[in-house]
Asker: 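Got a structure here, written out as structure tokens. Questions coming.
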Amino acid sequence: MLVNNKKVTSLEPFYSLHAAKNNGKDFSFVSLRGKKVLLVNTASDCGFTPQYDELEKLYEENSDKLVIMGFPANDFKEQEKRSDEEIATFCKINFGVTFPLMKKSSVIKGGVQNDVFKWLTDKKKNGWNDQPPIWNFCKYLVDENGTLKAYFGPSVSPLSAEILNLIKVKKPA
């Protein structure tokens, strides 16, 4: 877990970002102003895949103040082989996912890394953090002002005290 304790603000605005939703439509981050955002790189065939259930519970209980965004990726041992349509169906059928899923992309550093993860993993953009995802289900928390607050590794549950305390919500039932 890495936390922005010094409250360093981003050098490039979080709200200037865009991402393609898994249906291909553009999603402007301007619509996220005033909400906390938990961005998670996901994969359907990973040992951490059951975290989809925890992410959905957290989203359902707090969607008025928290947006969760899933970024499917096939960067770690080919654990996301499905198409965007198949990913959406898998997540809905198995975990009831209603939070936004983005188009499958690369989240690790390199030439094809999606722009959102370029921002999350480059301190020249976000102000302080260079930590890329080390595996599937890494989590990045952005506050309601567009400041990157924290990075959590894959083994940190979305319902952990560390995350809930930073989001300032209670654990869903």
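The residues of the chain are indexed from 1 along the displayed sequence.
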Asker: Would you call W119 and L148 a side-chain contact if the rule is heavy atoms closer than 4.5 Å?
Answerer: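 Yes. Closest side-chain heavy atoms under 4.5 Å.
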Asker: Would you say the side chains of E162 and S157 form a donor-acceptor pair under 3.5 Å?
Answerer: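 Result is no, nothing qualifies.
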Asker: So, F29 versus Y15, ring centres under 6.0 angstrom or not?
Answerer: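 Judged by ring-centre distance (under 6.0 Å), F29 and Y15 do not meet the cut-off.
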Asker: Evaluate whether atom NZ of K109 has more than 12 neighbouring non-hydrogen atoms of other residues, nucleotides or ligands under 6.0 angstrom away.
Answerer: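 Enclosed.
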Asker: Could you walk me through whether N4 and T147 pass the side chain to side chain contact (heavy atoms under 4.5 Å, CB included) check?
Answerer: CA-CA 9 Å; N4 182 2; T147 300; 3.6 Å; yes
Asker: So that I can tick it off, tell me whether R82 and D45 are bridged by a salt bridge, with the cut-off set at under 4.0 angstrom between side-chain N and carboxylate O.
Answerer: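 R82 and D45: salt-bridged.
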Asker: Partners of F76 by ring-ring contact (aromatic ring centres under 6.0 Å, His included), sequence neighbours excluded?
Answerer: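 So F76 forms a ring-ring contact (aromatic ring centres under 6.0 Å, His included) with W135.
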Asker: Find the distance between SG (C138) and CG (L120) and round it off to the nearest 0.5 Å.
Answerer: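 Separation between the atoms: 11.0 Å.
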Asker: Is there a donor in the side chain of E60 and an acceptor in the side chain of T98, or the other way round, less than 3.5 Å apart?
Answerer: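 Side chains of E60 and T98: no pair found under 3.5 Å.
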Asker: Between K104 and D84, does any NZ, NE, NH1 or NH2 come within less than 4.0 Å of an OD or OE carboxylate oxygen?
Answerer: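 No, this pair does not count.
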Asker: Quick one: pull up CG in L58 and CD in Q51 and give me the separation to the nearest 0.5 Å.
Answerer: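 Answer rounded to 0.5 Å: 11.5 Å.
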Asker: Taking atom types as modelled, is there a side-chain donor on T89 or E86 under 3.5 Å from an acceptor on the other?
Answerer: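 No, because no side-chain N or O of T89 sits under 3.5 Å from a partner of the opposite role on E86.
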Asker: Within a strict 4.5 Å, meaning less than it, do heavy atoms of the V37 and L141 side chains meet?
Answerer: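 V37 does not reach L141 side chain to side chain.
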Asker: Identify the heavy atoms of N22 and A88 that sit nearest to each other, and give their distance.
Answerer: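 Nearest pair, atom of N22 first, then A88: ND2-CB, 3.1 Å.
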Asker: With the side chain counted from C-beta on, respond yes when D26 and H18 share a heavy-atom pair under 4.5 Å apart, and no when they do not.
Answerer: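 Touching, per the 4.5 Å side-chain cut-off.
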Asker: With the side chain counted from C-beta on, respond yes when L11 and N126 share a heavy-atom pair under 4.5 Å apart, and no when they do not.
Answerer: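 No, every pair of side-chain atoms sits at 4.5 Å or beyond.
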Asker: So, N74 side chain and Q79 main chain: donor-acceptor pair closer than 3.5 Å or not?
Answerer: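 It does hold such a pair.
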Asker: Where does the angle between the aromatic ring planes of F117 and F71 fall among parallel (under 30°), tilted (30 to 60°) and perpendicular (over 60°)?
Answerer: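 Ring orientation, 0 to 90° scale: perpendicular.
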Asker: Search all heavy atoms of L55 against all heavy atoms of F99 and return the closest pair with its distance.
Answerer: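 For L55 versus F99, the nearest heavy atoms are CB-CE2, 3.7 Å.
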Asker: Closest approach of C46 and N136, non-hydrogen atoms and distance?
Answerer: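 Between these two residues, the closest heavy atoms are SG-ND2, 3.5 Å.
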Asker: For a quick test of reading the model, state the closest non-hydrogen atom pair linking M102 to P100 and the distance between them.
Answerer: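 Nearest pair, atom of M102 first, then P100: CE-CB, 3.6 Å.
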Asker: I need the M69 CE to Y59 OH distance, nearest 0.5 Å.
Answerer: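 If we round to the nearest 0.5 Å, M69:CE and Y59:OH are 10.0 Å apart.
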Asker: Looking at E54 and P158, what are the two nearest heavy atoms and their distance?
Answerer: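 Distance-wise, the nearest heavy atoms are OE1-CD, 2.8 Å.
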Asker: Report yes or no: does K139 contribute a side-chain atom to a donor-acceptor pair with the main-chain N or O of V156 at less than 3.5 Å?
Answerer: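 Looks like yes, one N/O pair under 3.5 Å.
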Asker: Where do S16 and P13 come nearest, in terms of heavy atoms and distance?
Answerer: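 What the structure gives for the nearest pair is OG-O, 2.7 Å.
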Asker: Between E12 and S10, do the side chains contain a donor N or O and an acceptor N or O under 3.5 Å apart?
Answerer: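 There is no such pair (donor and acceptor under 3.5 Å, judged by atom type) between the side chains of S10 and E12.
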Asker: Quick one: does D75's side chain have a donor or acceptor within less than 3.5 Å of a partner on V107's backbone?
Answerer: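 Pair found, side chain donor or acceptor close to backbone of V107.
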Asker: Apply side chain to side chain contact (heavy atoms under 4.5 Å, CB included) to the pair F137 and V40, showing each step before the final yes or no.
Answerer: CA-CA 6 Å; F137 288 88; V40 185; 3.9 Å; yes
Asker: Go through it in stages, so that I can follow the logic: the residues are F14 and L17, the test is side chain to side chain contact (heavy atoms under 4.5 Å, CB included), and I'd like the CA-CA distance, side-chain angles, deciding distance and then a yes or no.
Answerer: CA-CA 6 Å; F14 176 72; L17 296 171; 3.8 Å; yes
Asker: Suppose we call two aromatic rings close when their centres sit under 6.0 Å apart. Are F95 and Y52 close by that rule?
Answerer: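 Yes: the rings meet the under 6.0 Å criterion.
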Asker: So, are K35 and E144 salt-bridged, with charged N and O less than 4.0 Å apart?
Answerer: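 The answer is no: the pair does not qualify as a salt bridge.
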Asker: Under the rule for side-chain hydrogen bond (donor to acceptor under 3.5 Å, both in side chains), what residues qualify as partners of S44, not counting sequence neighbours?
Answerer: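 Counting only residues at least two positions away or on another chain, S44 forms a side-chain hydrogen bond (donor to acceptor under 3.5 Å, both in side chains) with E80.
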Asker: Using 0.5 Å steps for rounding, measure from the NZ atom of K65 to the NZ atom of K36.
Answerer: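 Reported value, rounded in 0.5 Å steps: 8.5 Å.
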Asker: Evaluate side chain to side chain contact (heavy atoms under 4.5 Å, CB included) for Y140 paired with T121, printing each intermediate quantity in order.
Answerer: CA-CA 10 Å; Y140 296 82; T121 63; 3.6 Å; yes
Asker: Nearest 0.5 Å, what's the OG-CD distance between S63 and E61?
Answerer: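 Between S63 OG and E61 CD, I get 9.0 Å after rounding to 0.5 Å.
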Asker: Quick check: is V30 connected to L32 through a chain of hydrophobic side chains (ILVMFWY, heavy atoms under 4.5 Å apart)?
Answerer: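 Per the 4.5 Å side-chain linkage, L32 and V30 are not co-clustered.
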Asker: Roughly how far apart are N94 CG and K92 NZ, rounded to 0.5 Å?
Answerer: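 Atom-to-atom, N94:CG and K92:NZ are 12.0 Å apart.
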